[in-house]
Chemist: 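Okay, here's the structure, questions in a sec.
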Amino acid sequence: MKHLTKQQKKFTEEYIKTLNGELAAKNAGYKSKDLNLQAKKLLSTPAVIKQINISLKEQLEALSVPKGYVIQKLLRIAEFSLEEEDITDKDGNFTGKRKLRDTSGALKALESLCKYLGLNSTEEAENGRAVKIITISNLDDSKI
């Protein structure tokens, strides 16, 4: 496999800190007019992806956070984000309507949970395995 340049290595370090490709490219010293495009190119480079995965794995091992703890926190984030809250008008008066607190936050938490648990429907479908659907309501401690 191709080795990383110093600048690519710096990009991976910055990307892990910020999880923002454009900012990581800027902080790594890339001078492209379109840093977002530069970041996309870097994040599609196998050697860069491999280095990011290695670094993330090292950080997780160093933290030694129990898997159950991470799963419970992601579930709490998803559940909190999916709670309904009252809608108020510009004066702060209740309108009588309700909305979900943060659907995008819930989706991100659930996607992270699926990745953390190794559930990738595309990959499983390609391998011919049945895709399991896990929801917050049917995920209990015995499945963790």
Chemist: Does a donor on one side chain sit under 3.5 Å from an acceptor on the other, for Asp86 and Thr88?
Modeler: no
Chemist: Consider only side-chain heavy atoms of I, L, V, M, F, W and Y, link residues closer than 4.5 Å, and tell whether Leu19 and Val48 are in one cluster.
Modeler: yes
Chemist: Please check: side-chain N/O of Ser55 versus main-chain N/O of Ile52, any donor-acceptor pairing under 3.5 Å?
Modeler: no
Chemist: Taking Thr95 for the side chain and Lys97 for the main chain, is one N or O donor matched with an acceptor at less than 3.5 Å?
Modeler: yes
Chemist: Of all residues at least two apart in sequence or in a different chain, which pass the salt bridge (charged side-chain N to carboxylate O under 4.0 Å, His left out) check with Lys10?
Modeler: Glu14
Chemist: Kindly work out whether a path of hydrophobic side-chain contacts (I/L/V/M/F/W/Y, heavy atoms less than 4.5 Å apart) joins Ile87 to Phe94.
Modeler: no
Chemist: Quick one: pull up CD in Gln51 and OG1 in Thr45 and give me the separation to the nearest 0.5 Å.
Modeler: 13.0 Å
Chemist: Of the non-hydrogen atoms in Tyr30 and Leu35, which two are nearest, and what is the gap between them?
Modeler: O-CD2, 3.5 Å
Chemist: In Å, rounded to the nearest 0.5 Å, how long is the span from CG of Leu100 to CZ of Arg98?
Modeler: 9.5 Å
Chemist: Ignoring hydrogens, what is the shortest heavy-atom contact between Arg101 and Glu85? Give both atom names and the distance.
Modeler: NE-OE1, 3.4 Å
Chemist: Ignoring hydrogens and geometry, is there a side-chain-to-backbone donor-acceptor pair from Asp89 to Asp91 under 3.5 Å?
Modeler: yes
Chemist: Give, for atom CG of Leu117 and atom CG of Leu74, the distance between the pair rounded to the nearest 0.5 Å.
Modeler: 8.5 Å
Chemist: So which atom in Gly21 and which in Phe11 form the shortest heavy-atom distance, rounded to 0.1 Å?
Modeler: O-CE1, 3.5 Å
Chemist: Could you report the tightest heavy-atom contact between Ala106 and Ala78, atom names first, then the distance?
Modeler: CB-O, 3.9 Å
Chemist: Could you measure the distance from the NZ atom of Lys26 to the OG1 atom of Thr18? Nearest 0.5 Å is fine.
Modeler: 11.5 Å
Chemist: Would a single hydrophobic cluster contain both Leu42 and Leu4, if residues Ile, Leu, Val, Met, Phe, Trp and Tyr are joined by side-chain heavy-atom contacts under 4.5 Å?
Modeler: yes
Chemist: Quick one: CG on Leu107 to OG on Ser112, what's the gap to the nearest 0.5 Å?
Modeler: 9.0 Å
Chemist: Are Leu56 and Leu43 grouped together when hydrophobic residues (ILVMFWY) are joined by side-chain heavy atoms under 4.5 angstrom apart?
Modeler: yes
Chemist: Is there a donor-acceptor contact under 3.5 Å from the side chain of Gln7 to the main chain of Gly29?
Modeler: yes
Chemist: Can you tell me if Arg76 has over 12 outside heavy atoms packed within less than 6.0 Å of its CZ?
Modeler: no
Chemist: Look up atom CD in Glu22 and atom NZ in Lys40, then write down how far apart they are to the nearest 0.5 Å.
Modeler: 9.5 Å
